[in-house]
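One structure is given below, encoded as structure tokens.
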Amino acid sequence: MDEQTQGEDIWIATEESGTIAGMLALWQADNFIHHLYVAAPYRQRGVGRLLLAALPGWHEQRFYLKCLSRNETALGFYRAVGFEETETGHCEEGEYVVLAHEPQPQSAKDWT
């Protein structure tokens, strides 16, 4: 993991006890989310959304990632938080999709 995330910014979600619930690694130069993991006991508890919301410019900038096509659980999560498929490809691990999250305009209530 150290080699894969060299030069990337990393966010860690922990419980008050210090137990790691999830992590996100971002290659900031391209807004590429390289890794997003949530430990099994913490899935469907908002940890993934919390990590994404912690990204600088989450609502103002485009972010993208790759996800293996066979990882249906992750694909469902990414689609639920607003990522859309932009292309497909193949790597040694199998077929993948590239998903992008576009900037969201602020609503009028955000300005009050």
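Keep in mind that what you see is a predicted model, and the values were worked out from it rather than measured.
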hydrophobic_cluster_shared for Y37 and L50, side chain cutoff 4.5 Å: no
Side-chain touch V97/L75, heavy atoms, less than 4.5 angstrom: yes
4.5 Å side-chain heavy-atom contact, D9 and P56: no
R45 backbone acceptor or donor facing R49 side chain under 3.5 Å: no
Student check: side-chain heavy atoms of F77 and L52 closer than 4.5 Å: yes
Beyond-backbone contact of Y96 with T88, side-chain heavy atoms, under 4.5 angstrom: no
Whether F83 and W58 hold their rings parallel, tilted or perpendicular, with breakpoints at 30° and 60°: tilted
Any side-chain heavy-atom pair of W11 and L55 under 4.5 Å: yes
Residues, nucleotides or ligands: over 12 heavy atoms within 6.0 Å of I20 CD1: no
Close side-chain approach of I10 and M23, heavy atoms under 4.5 Å: yes
Check: H101 main-chain N/O paired with R62 side-chain donor or acceptor under 3.5 Å: no
Salt bridge (charged side-chain N to carboxylate O under 4.0 Å, His left out): pairs with one or both residues in residues 84-97, sequence neighbours excluded: R79-E85
L99 vs Y64 side-chain heavy atoms within contact, under 4.5 Å: no
Side-chain donor or acceptor of H59 paired with backbone N/O of P103 under 3.5 Å: no
A13 versus V47, closest heavy-atom pair with distance: CB-CG1, 3.9 Å
Exercise: identify the closest heavy-atom pair between L51 and G22: CD1-C, 3.9 Å
Sub-4.5 Å side-chain heavy-atom contact between L36 and L65: no
Intermediate values then yes/no, side-chain contact (heavy atoms from CB on, under 4.5 Å), C91 and L68: CA-CA 9 Å; C91 62; L68 291 174; 4.3 Å; yes
